[in-house]
S.K.: 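Sharing a structure, written as structure tokens. Questions coming.
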Amino acid sequence: MKLWKRTHSCGELNKGNIEENVTLMGWVNSRRDHGGLIFIDLRDREGKTQIVFDPKVSKEAHQLAHNIRNEFVIAVKGEVSFRGKDAINPNMKTGEIEIRISEMQILSQSKQLPFSISEYSDVGEDARLKYRYLDLRRTEMKNNIILRHKVSLLIRNFLNKKGFLEIETPFLTKSTPEGARDYIVPSRVNPGKFFALPQSPQLFKQLLMISGFDKYFQIVRCFRDEDLRADRAPEFTQLDMEMSFIDRDILFNLIEELMATLFKEILSAEVKRPFPRLDYDDAMSHYGIDKPDLRYGMKIHNLNEFFKDTQFSPFSEVLAGNGKIGALKTEQPEKFSRKNIDDLDLFVKSLGLGGLISIRFKEGSELQSSLKKYITEETAALLKKEMQAQPGDLVFIAAGSTEKVNQVLGLLRIKIANTLKIIPKEQYKFLWVTNFPLFEYSQTEKRYTSVHHPFTAPVDEDIAMLESNPYQVRSKAYDLVLNGNEIGGGSIRIHRTELQQKIFNLLGIKAEEAEQKFGFLLEALQYGPPPHGGIAFGMDRIVMLLAGASSIRDAIAFPKTAKATCPLTGAPSEVSSEQLKELHIKLDL
RNA sequence: GGGGUCGUAGUGCAGUCCGGUCCAACACGCCUGCCUGUCACGCAGGAGAACGCGGGUUCAAAUCCCGUCGGCCCCGCCA
């Protein structure tokens, strides 16, 4: 059977093609067999077209069409015809026409599918991932993959126009001590030695700056062997960028233009510029998180002042210990029953705080709360003013260490917003978070570690504090946040060897170790490095948000599960003892 | 590493709290037949699950207990 030549896709024919003879190929999306007439929606990547088998047109084709089942692949020849006024389907792009079939070939058959391709049926993610190639036939996933392509193309075109070069960097590279756990690849020809897959092309892009490629970008896979989340995959794609001779504002401006272009081209959404900026410290104290969702309010208030003389010992102890009494006023307070509030209390406890206290404001300085006897009428009035509370309003209070209170109230804020469903869809609130601390203390490692990475430059006026007060030093790092998602982050880098050495020292990385791990960078920094900085974006997250999806997996053609496995291929899997032997690897399980 | 939640026909789910009424319900899909204007076609009939796996309690377990595996979500972790 010779394969015919396809003349059109299933998404392009319309009234203008009437009376044309066409050849279509595609999958049988649905079959409506009326005995006399058989209708089939033929589907390909571009869309669906209704084809009709009428014995008056071809007895043979009509006969053959009885054998067709869903997801068979067929080729059909026929004439494009108008459906007739009453038969038009306004929900289909090709809904005014149909193809009256004169000849058909069955190109391949299909077993009954493990799930329906129809957009009207729900399918569990288990089944979808195991049969991902079928899942990708479904409209929603297909559109996400097409959208992802468009995003990549827009980015490449935009950056090309701005003078950027896309340059590839190695996947088989060197393990670095800071940062995430590496995925490791053994080197057969170098027994006992290992490559690491890149967590990001960080060092290479800095080297490219030293090479003089002053505007670099790459859409590139990165790998991190850490535990996963809805928005975190073990291998993920970054839009990685670096520029020389720039300051933060040049970069911000460029990125804002890029984002506005993306959102306009993809969603026809106008994005307000410039994007607001928020200091890390303010983000933490007002939202309890470094990636606040600005689509809704419920900011965290600090109530320390109001309880400085309190007799309520849990609070006075917190204040004595330099802690925080934080509060947030919920929206839609009328929706909170005693049971709801108890559940939130449990939620707060599960995150490691003592509990949640609620205050329901009434008329005047009246209030209803387990804390009532510790609150004077005067304090009640002040509280009411601070929280801008109306009668009926509900305020949640938590106390503990400042970090914990911020974190827990931040998570509570998100939980309440989700529960109340007050987060507006189709609204895009970008935010730059700036002035991150340079260092943080790592409980697990018992030393300072970089908040961003060890190549991040400190804020100039804080450099003097590096030794005396390293915890207070701010960095020239920034994150781009969209609707509560960190979609990108970067920094202005250190471009002087001495400062880089000093940072390594403070991080407890010995000169010898620094030499061994980053020697090549330190050496490169001695050969005329330009001042430079950059940013990297989570492509999968951006596509996820543009697609309106809630999991990064819906933005990836062949994603991994939360346990970093692939149900489709069965990866990861054992390898033969011969393979291990060649690599000089012995297992110790 | 910790917490939560789910696991029942091909798919999605009900039943699980309060064990027997469940040789497990419903919808979609599938199979057979009918149907010339449907478009998530319709109508009639039919097949299909011993309830993730292992053990225990009980006269009796999808339902209770213990363990285990897997999916998803969160905390830790993710420069």
S.K.: Is any side-chain nitrogen or oxygen of Arg553(A) closer than 4.0 Å to OP1 or OP2 of rG71(B)?
M.R.: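 Indeed not, no polar side-chain atom of Arg553(A) lies that close.
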S.K.: Any base atoms under 4.0 Å from Glu98(A), or only sugar-phosphate, or nothing? Heavy atoms, all strands.
M.R.: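 It contacts base atoms.
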S.K.: Can you tell me the distance, in whole Å, between the CD1 atom of Ile88(A) and the P atom of rC39(B)?
M.R.: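 Between P of rC39(B) and CD1 of Ile88(A): 15 Å.
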S.K.: So, applying side chain to side chain donor-acceptor pair (under 3.5 Å) with His532(A), which one of Gln206(A), Arg493(A), His495(A) is it?
M.R.: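 When side chain to side chain donor-acceptor pair (under 3.5 Å) is applied between His532(A) and each of Gln206(A), Arg493(A), His495(A), only Gln206(A) qualifies.
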S.K.: If only side-chain N and O atoms count, and only distance matters, is there a donor-acceptor pair under 3.5 Å linking Ser200(A) with Gln238(A)?
M.R.: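 Ser200(A) and Gln238(A) do not have a side-chain donor-acceptor pair below 3.5 Å.
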S.K.: Could you give the CZ-to-C1' distance, from Phe347(A) to rU5(B), as a whole number of Å?
M.R.: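 So the two atoms are 15 Å apart, to the nearest Å.
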S.K.: Is the base of rC41(B) stacked against the aromatic ring of His34(A), taking ring centres under 5.5 Å apart and planes under 30° as the test?
M.R.: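 Yes; by the centre-distance and plane-angle rule, His34(A) counts as stacking on rC41(B).
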S.K.: With nearest nucleotide decided by heavy atoms, which residue, Tyr120(A) or Ser551(A), maps closer to the 5′ end of RNA chain B?
M.R.: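 Whichever sits nearer the 5' end wins; that is Tyr120(A).
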S.K.: Over how many whole Å does the gap from Leu37(A) atom CG to rC39(B) atom P extend?
M.R.: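 It works out to 13 Å between those atoms.
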S.K.: Expressed as a whole number of angstroms, how long is the span from His66(A):NE2 to rU36(B):C1'?
M.R.: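 Rounding to the nearest Å, NE2 of His66(A) and C1' of rU36(B) are 11 Å apart.
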S.K.: Decide, yes or no, whether a salt bridge links Asp342(A) with Lys339(A) under the criterion of side-chain N to carboxylate O below 4.0 Å.
M.R.: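 No.
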S.K.: NA contact type, Arg100(A), heavy-atom cut-off 4.0 Å: base, sugar-phosphate, or nothing?
M.R.: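 Base, at least one base heavy atom under 4.0 Å.
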S.K.: Base, sugar-phosphate, or nothing for Ser30(A), non-hydrogen atoms under 4.0 angstrom?
M.R.: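 If one applies the 4.0 Å heavy-atom cut-off, Ser30(A) turns out to touch the sugar-phosphate alone, with no base involved.
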S.K.: For nucleotides rA9(B) and rC53(B), find the distance between their P atoms and express it as a whole number of Å.
M.R.: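 rA9(B) and rC53(B) have their P atoms separated by 9 Å.
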S.K.: In whole Å, measure the gap between the C1' atoms of rG20(B) and rU63(B) for me.
M.R.: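 The same atom, C1', in both gives a distance of 11 Å.
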S.K.: With sugar-phosphate meaning primed atoms plus P, OP1 and OP2, does Ser350(A) contact a base, only sugar-phosphate, or nothing at under 4.0 Å between heavy atoms?
M.R.: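 The residue Ser350(A) makes no contact with any strand.
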S.K.: Could you tell me which nucleotide pairs with rC41(B) by Watson-Crick or G-U wobble geometry, both distances under 3.5 Å, or answer none if nothing does?
M.R.: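 When the pairing criteria are applied, nothing turns out to pair with rC41(B), so the answer is none.
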S.K.: Identify the nucleotide, in any strand shown, that forms a Watson-Crick or G-U wobble pair with rC35(B), with both distances under 3.5 Å; if there is none, say none.
M.R.: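 Base partner found: none.
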S.K.: Taking RNA chain B as the partner, which of residues 484-491 of chain A come within under 4.0 angstrom of it by heavy atom?
M.R.: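 The stretch gives none, as no residue of it lies under 4.0 Å from the strand.
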S.K.: Does Arg32(A) have a side-chain nitrogen or oxygen under 4.0 Å from the phosphate oxygens OP1 or OP2 of rU38(B)?
M.R.: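 Result: no.
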S.K.: Measuring only the C1' atom in each nucleotide, how far is rG54(B) from rG4(B)? A whole number of Å is fine.
M.R.: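 That atom pair is separated by 24 Å.
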S.K.: Any side-chain to backbone donor/acceptor pair from Lys142(A) onto Arg45(A)? Under 3.5 Å, distance only.
M.R.: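 Looks like yes, one N/O pair under 3.5 Å.
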S.K.: In whole Å, what separates the C1' atom of rG52(B) from that of rC75(B)?
M.R.: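 It comes out at 27 Å once rounded to the nearest Å.
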S.K.: Identify whether any heavy atom of Gly124(A) sits under 4.0 Å from a base atom; if not, whether one sits that close to sugar-phosphate; answer base, sugar-phosphate or nothing.
M.R.: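 It contacts sugar-phosphate atoms only.
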S.K.: Considering Watson-Crick and G-U wobble pairs with both distances under 3.5 Å, what does rA27(B) pair with?
M.R.: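 With both distances under 3.5 Å, rA27(B) matches rU11(B).
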S.K.: In residues 216-242 of chain A, which ones come under 4.0 Å of RNA chain B, going by heavy atoms?
M.R.: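 Going residue by residue through residues 216-242 of chain A, the ones with a heavy atom under 4.0 Å of RNA chain B turn out to be Arg224(A), Glu226(A), Asp227(A), Arg229(A), Ala230(A), Arg232(A).
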S.K.: So how far is it from Ile18(A) CD1 to Glu79(A) CD, rounded to the nearest 0.5 Å?
M.R.: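 Interatomic distance, Ile18(A) CD1 to Glu79(A) CD, rounded to 0.5 Å: 9.5 Å.
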S.K.: Using the ring of each side chain (for Trp, its six-membered ring), is Tyr183(A) parallel, tilted or perpendicular to Phe223(A), with breaks at 30° and 60°?
M.R.: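 Ring orientation, 0 to 90° scale: perpendicular.
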S.K.: Considering only the P atoms, how many Å lie between rC72(B) and rA24(B), rounded to the nearest integer?
M.R.: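 Between the two P atoms, the distance is 32 Å.
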S.K.: Let me have a per-nucleotide readout for nucleotides 24-34 of chain B, 5' to 3', with B, S or -, counting only protein heavy atoms under 4.0 Å.
M.R.: -----BSSS--
S.K.: Whether the side chain of Arg181(A) and the base of rG76(B) hold a donor-acceptor pair under 3.5 Å is what I'd like checked.
M.R.: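 No pair found.
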S.K.: Any chance you could measure Phe455(A), atom CZ, to Ile503(A), atom CD1, to the nearest 0.5 Å?
M.R.: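 Spacing of CZ (Phe455(A)) from CD1 (Ile503(A)) equals 11.0 Å.
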S.K.: What residues form a ring-ring contact (aromatic ring centres under 6.0 Å, His included) with Phe72(A), not counting sequence neighbours?
M.R.: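 Applying ring-ring contact (aromatic ring centres under 6.0 Å, His included) to Phe72(A) gives none.
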S.K.: Can you measure from CZ (Phe115(A)) to OH (Tyr131(A)) and round to the nearest 0.5 angstrom?
M.R.: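 Nearest 0.5 Å value for the CZ-OH distance: 8.5 Å.
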S.K.: Taking NZ, NE, NH1 and NH2 as the nitrogens, is one of them in Asp41(A) or Arg32(A) under 4.0 Å from a carboxylate oxygen of the other?
M.R.: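 Yes, Asp41(A) and Arg32(A) are salt-bridged.
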S.K.: Mind checking Asn89(A) for me? I need base, sugar-phosphate or nothing, with any heavy atom below 4.0 Å counting as a touch.
M.R.: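 It contacts base atoms.
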S.K.: With rounding to the nearest 0.5 angstrom, report the CD to CZ distance, Glu486(A) to Phe537(A).
M.R.: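 Between atom CD of Glu486(A) and atom CZ of Phe537(A) there are 10.5 Å.
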S.K.: In residues 41-52 of chain A, which residues come under 4.0 Å of RNA chain B by heavy atom?
M.R.: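 The answer is Asp41(A), Gln50(A).
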S.K.: Report each atom pair, protein N/O against N/O of nucleotides 44-46 of chain B, whose distance is under 3.5 angstrom.
M.R.:
none

S.K.: Report which part of the nucleic acid Pro114(A) touches: base, sugar-phosphate, or nothing (heavy-atom distance under 4.0 Å, all strands).
M.R.: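 Pro114(A): backbone/sugar contact only, no base atoms under 4.0 Å.
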S.K.: With RNA chain B as reference, determine whether Phe455(A) or Phe115(A) sits nearer its 5' end, using the nearest nucleotide of each.
M.R.: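 Looking at RNA chain B, the more 5' nearest nucleotide goes with Phe115(A).
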S.K.: Picking from Glu178(A), Arg224(A), Arg181(A), His453(A), what satisfies side chain to side chain contact (heavy atoms under 4.5 Å, CB included) with Gln199(A)?
M.R.: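 Of the listed residues Glu178(A), Arg224(A), Arg181(A), His453(A), the side chain to side chain contact (heavy atoms under 4.5 Å, CB included) partner of Gln199(A) is Arg224(A).
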S.K.: What do the steps show when you test Leu207(A) against Leu521(A) for side chain to side chain contact (heavy atoms under 4.5 Å, CB included), and what is the final call?
M.R.: CA-CA 7 Å; Leu207(A) 294 176; Leu521(A) 177 74; 4.2 Å; yes
S.K.: What does Gln199(A) touch in the nucleic acid at a heavy-atom separation under 4.0 angstrom: a base, only the sugar-phosphate, or nothing?
M.R.: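 Since no nucleic acid heavy atom lies under 4.0 Å of Gln199(A), the category is nothing.
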S.K.: Can you tell me how far C1' in rU8(B) sits from the matching atom in rA61(B), rounded to whole Å?
M.R.: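 About 14 Å, rounded to a whole number of Å.
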S.K.: For the side chain of Arg69(A) and the backbone of His66(A), is there at least one donor-acceptor N/O pair under 3.5 Å apart?
M.R.: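 Yes: the side chain of Arg69(A) pairs with the backbone of His66(A).
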S.K.: Under 4.0 Å between a side-chain nitrogen and a carboxylate oxygen: does that hold for Lys48(A) and Glu119(A)?
M.R.: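 Salt bridge flag = yes for Glu119(A) with Lys48(A).
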S.K.: If we take the C1' atom in both rU57(B) and rG10(B), what is their distance in whole Å?
M.R.: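 rU57(B) and rG10(B) have their C1' atoms separated by 35 Å.
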S.K.: Once rounded to the nearest 0.5 Å, what's the spacing between atom OH of Tyr280(A) and atom CG of Asp479(A)?
M.R.: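 Rounded to the nearest 0.5 Å, the OH-CG separation comes to 10.0 Å.
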S.K.: Should rU16(B) form a Watson-Crick or G-U wobble pair with both distances under 3.5 Å, which nucleotide is its partner?
M.R.: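 Answer to the pairing question: none, since rU16(B) forms no Watson-Crick or G-U pair.
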S.K.: Applying the Watson-Crick and G-U wobble criteria at under 3.5 Å, what pairs with rG70(B)? Answer none if nothing qualifies.
M.R.: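 Answer to the pairing question: rC6(B), which forms a Watson-Crick or G-U pair with rG70(B).
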S.K.: Rounded off to whole Å, could you give me the NZ-to-P distance for the Lys349(A) and rC74(B) pair?
M.R.: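 It is 24 Å, rounded to the nearest whole Å.
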S.K.: Work out which heavy atom in Val433(A) is nearest to a heavy atom in Asp279(A); give both atom names and the distance.
M.R.: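 So the two residues come closest at CG1-C, 4.5 Å.
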S.K.: Asp54(A) vs Lys56(A), test: salt bridge (charged side-chain N to carboxylate O under 4.0 Å, His left out). Steps then yes/no.
M.R.: CA-CA 5 Å; Asp54(A) 186 337; Lys56(A) 277 194 281 190; 5.0 Å; no
S.K.: For nucleotides rC51(B) and rA25(B), find the distance between their C1' atoms and express it as a whole number of Å.
M.R.: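 It works out to 13 Å between them.
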S.K.: Measure across Ile289(A) and Met284(A) and return the closest heavy-atom pair with its distance rounded to 0.1 Å.
M.R.: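 Residues Ile289(A) and Met284(A), closest heavy atoms: C-SD, 3.5 Å.
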